[in-house]
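Scroll down for the structure; my scribbles are underneath it.
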Number of protein chains: 2
Amino acid sequence: MGITERKERQRAELREHILRVARDMVMKEGFGALSMRKLADAVEYAPATLYLHFENRDAIARELCVRGFQELLAALEPAAAVKEPVERLSRLAQAYLTFGLERPETYRLIFMEDAKLSAELFQDKQHGEGPRSFALLVKACEDLKAAGRTPEATPAEQLAEVFWAGLHGIVSLKLTCTGFQGSPAEVLAEALVATLVRDPKPGKRAR
Amino acid sequence: MGITERKERQRAELREHILRVARDMVMKEGFGALSMRKLADAVEYAPATLYLHFENRDAIARELCVRGFQELLAALEPAAAVKEPVERLSRLAQAYLTFGLERPETYRLIFMEDAKLSAELFQDKQHGEGPRSFALLVKACEDLKAAGRTPEATPAEQLAEVFWAGLHGIVSLKLTCTGFQGSPAEVLAEALVATLVRDPKPGKRAR
DNA sequence: GTGTTCACTGAACGGTGTTCATCAAAAGTC
DNA sequence: GACTTTTGATGAACACCGTTCAGTGAACAC
């Protein structure tokens, strides 16, 4: 009875194939330019066939979103492995920027498209690559705080949110408001890290 | 020969009427939901008539963008009038957030839609409400720097860009990634200001 | 009164997402 | 092997979309 298994496998393969082609099209021309008909054409099936594998166009977007977050997490992880908190923050910032600016359409899809898309991906705060990516920033800020190098009154979690917001702001303004920001993204990232980090206080070191 | 004048006035009035209706529709359902046909229906003209007043749908978006930036500038100006730099920064942040969160679709239109839209509005760095809004932030950061309360190495302009990016990040993440940020926007705004501002250094006051 | 201008429109073109009855081939059953 | 059932795939349709353009009728100029 390997038939049902084979069918299931073929079905999964086609689904995967559709998603890969869709991903390529989105990366080239953006999600807005992805039409079900063009996608069907590209995979050499009739448009209606796509609906046997995905509920609708949004379902494809959702799937691509998940993969986008996986890529983001993968892009951040090397930087998150750095021990020294300040250096780690800086590396995380650079990695985030590089991801956003080199994959603009992916970035737009996961962070600047419809709210419904990314909202549900942040529901489960434990699993999911979105929350896990954020957790890396939180950890970095906690370590920074433990080293006594953050503004005292601000909790690490809030600091991480401000950090993420800053990074997202830099990337998304570069993507939409072309030519607004005067400074290069890397410079802004460094400036952002500089605002977060406080000089170590010699008086507190003995404590 | 008041006829041509009257015609011109009527023409301008209709154009204005179309824009007002378009603005209402965008504020209610977002720019994506604004269709030329529905707009034509709402103003009780045939769709083709709209093209006698606007080159295409994007031209309407551009016009609404300009108005959006005017509203943003108007929202920021009271806060910009505050003397004390730290307080001013805080007020600017709150005003920016309020604007973004209370007019989400306007905000999306001017900052999160197509790059072409806002790009050209930031070409002329002197005039235009976009650059002038940004100038308010730059001035605030310059005054903050003059008071010796910024990170020393970072120029005021860069600081302003980081500030704007932070604000934009907070607003746009609230708009797209609903439920991602744990903290309320106002709290994050305060935290953002806190990261930018340094304690006054008593040693430098005498200088 | 006649000619001209011009705001306006209906209909069309080519595109979109989505649905559904239909069909042929594969799988299951005897 | 013949018959029935299941099922992957589809063509055609529906209701939208932005945009164009020939045509029309009323207001204007003379």
Side-chain angles (χ1 to χ4, degrees), chain A residues 1-19 21-23 25-26 28-65 105 108-109 113-117, chain B residues 1-19 21-26 28-65 105 108-109 113-114 116-117:
Chain A
M1 192 55 80
I3 288 178
T4 58
E5 289 170 11
R6 193 208 65 209
K7 282 201 165 185
E8 214 163 290
R9 197 178 59 239
Q10 284 177 338
R11 187 179 157 77
E13 272 167 14
L14 177 51
R15 188 188 149 91
E16 187 59 32
H17 178 56
I18 294 172
L19 279 175
V21 174
R23 199 191 93 112
M25 295 176 70
V26 167
K28 274 194 200 105
E29 315 170 78
F31 180 71
L34 175 72
S35 90
M36 297 300 269
R37 289 175 141 94
K38 281 196 287 185
L39 177 55
D41 237 44
V43 296
E44 299 179 302
Y45 279 89
T49 302
L50 300 182
Y51 291 84
L52 301 178
H53 296 268
F54 301 94
E55 191 193 341
N56 49 30
R57 187 168 172 265
D58 275 357
I60 297 181
R62 204 154 40 233
E63 206 79 39
L64 293 180
C65 244
E105 297 303 344
R108 289 192 88 94
L109 176 63
E113 217 68 36
D114 204 1
K116 287 171 293 182
L117 285 182
Chain B
M1 191 54 81
I3 289 176
T4 59
E5 288 170 12
R6 191 209 65 208
K7 282 200 166 186
E8 214 163 291
R9 195 179 60 238
Q10 284 178 338
R11 188 179 157 78
E13 271 168 14
L14 177 52
R15 187 188 150 93
E16 187 59 31
H17 178 56
I18 294 172
L19 279 175
V21 174
R23 199 191 94 112
D24 288 351
M25 294 177 70
V26 167
K28 274 195 201 104
E29 314 172 79
F31 180 70
L34 175 71
S35 89
M36 297 299 271
R37 288 175 142 96
K38 280 195 289 183
L39 178 54
D41 236 43
V43 296
E44 298 179 301
Y45 279 89
T49 303
L50 299 182
Y51 290 86
L52 301 177
H53 295 268
F54 301 93
E55 191 193 341
N56 50 29
R57 187 168 172 266
D58 275 356
I60 296 181
R62 206 156 36 236
E63 207 79 38
L64 293 181
C65 243
E105 297 304 344
R108 289 192 88 94
L109 176 63
E113 217 66 37
D114 205 2
K116 286 170 294 183
L117 285 183

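Naming: A, B, ... by sequence-line order, numbering from 1 per chain.
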Roughly how bent is the helix from C:dG1-D:dC30 to C:dC30-D:dG1 end to end, in steps of 10 degrees, with each end axis from five pairs? 10°
Between [N] ([atom2]) and [X] ([atom1]): distance, integer Å:
X     : N      : atom1 : atom2 : result
A:Y51 : D:dC14 : OH    : C1'   : 13 Å
B:D58 : D:dT19 : CG    : C1'   : 12 Å
A:H53 : D:dG8  : NE2   : P     : 8 Å
B:Q10 : C:dA7  : CD    : P     : 11 Å
A:R11 : C:dA26 : CZ    : P     : 18 Å
A:M36 : C:dT18 : CE    : C1'   : 8 Å
A:L39 : C:dG15 : CG    : P     : 17 Å
B:N56 : D:dC17 : CG    : C1'   : 14 Å

Mind listing the N/O atom pairs, protein and nucleotides 9-13 of chain C, below 3.5 Å?
| unit_1 | atom_1 | unit_2 | atom_2 | d |
| --- | --- | --- | --- | --- |
| C:dT9 | OP2 | B:A46 | N | 3.0 |
| C:dT9 | OP2 | B:T49 | OG1 | 2.7 |
| C:dA12 | N6 | B:R37 | NH2 | 3.3 |

Below 3.5 Å, can you tabulate the donor-acceptor pairs from side chains in residues 36-50 of chain B to any protein atom, sequence neighbours excluded?
| unit_1 | atom_1 | unit_2 | atom_2 | d |
| --- | --- | --- | --- | --- |
| B:K38 | NZ | B:A33 | O | 2.9 |
| B:T49 | OG1 | B:A46 | O | 3.3 |

Show me the protein contacts with nucleotides 24-28 of chain D, counting only N or O atoms at under 3.5 Å.
| unit_1 | atom_1 | unit_2 | atom_2 | d |
| --- | --- | --- | --- | --- |
| D:dC28 | OP1 | B:R6 | NH1 | 3.3 |
| D:dC28 | OP1 | B:R6 | NH2 | 3.0 |

On a heavy-atom basis, which atom in B:L109 and which in B:A61 lie closest, and how many Å separate them? CD2-O, 4.2 Å
Does some side-chain heavy atom of B:H53 sit less than 4.5 Å from a side-chain heavy atom of B:R11? yes
Check nucleotides 1-3 of chain C for protein N or O atoms closer than 3.5 Å to its own N or O atoms and list the pairs.
none

Under the rule for salt bridge (charged side-chain N to carboxylate O under 4.0 Å, His left out), what residues qualify as partners of A:R23, not counting sequence neighbours? A:E71
B:R9: what forms a side-chain contact (heavy atoms from CB on, under 4.5 Å) with it, not counting sequence neighbours? B:R6, B:E13
In chain order, what residues pass the side chain to side chain donor-acceptor pair (under 3.5 Å) check against A:R15, with sequence neighbours excluded? A:E63
Residues two or more places apart in sequence or in another chain: which of them pass side chain to side chain donor-acceptor pair (under 3.5 Å) with B:E16? B:R67
Which pairs, with at least one residue in residues 45-59 of chain A and sequence neighbours excluded, count as a salt bridge (charged side-chain N to carboxylate O under 4.0 Å, His left out)? none
CD/A:E8: more than 12 non-hydrogen atoms of other groups inside 6.0 Å: no
How many angstroms lie between [atom1] in [X] and [atom2] in [Y], if you round to the nearest 0.5 Å?
X      : Y     : atom1 : atom2 : answer
B:M25  : B:I60 : CE    : CD1   : 10.0 Å
B:D24  : B:E29 : CG    : CD    : 11.0 Å
A:E113 : A:F31 : CD    : CZ    : 6.5 Å

Reckon B:L34 touches a base, only the sugar-phosphate, or nothing at all at heavy-atom distances under 4.0 Å? sugar-phosphate
Side-chain contact check for B:L14: nearest option of D:dA9, C:dC8, D:dC17 is C:dC8
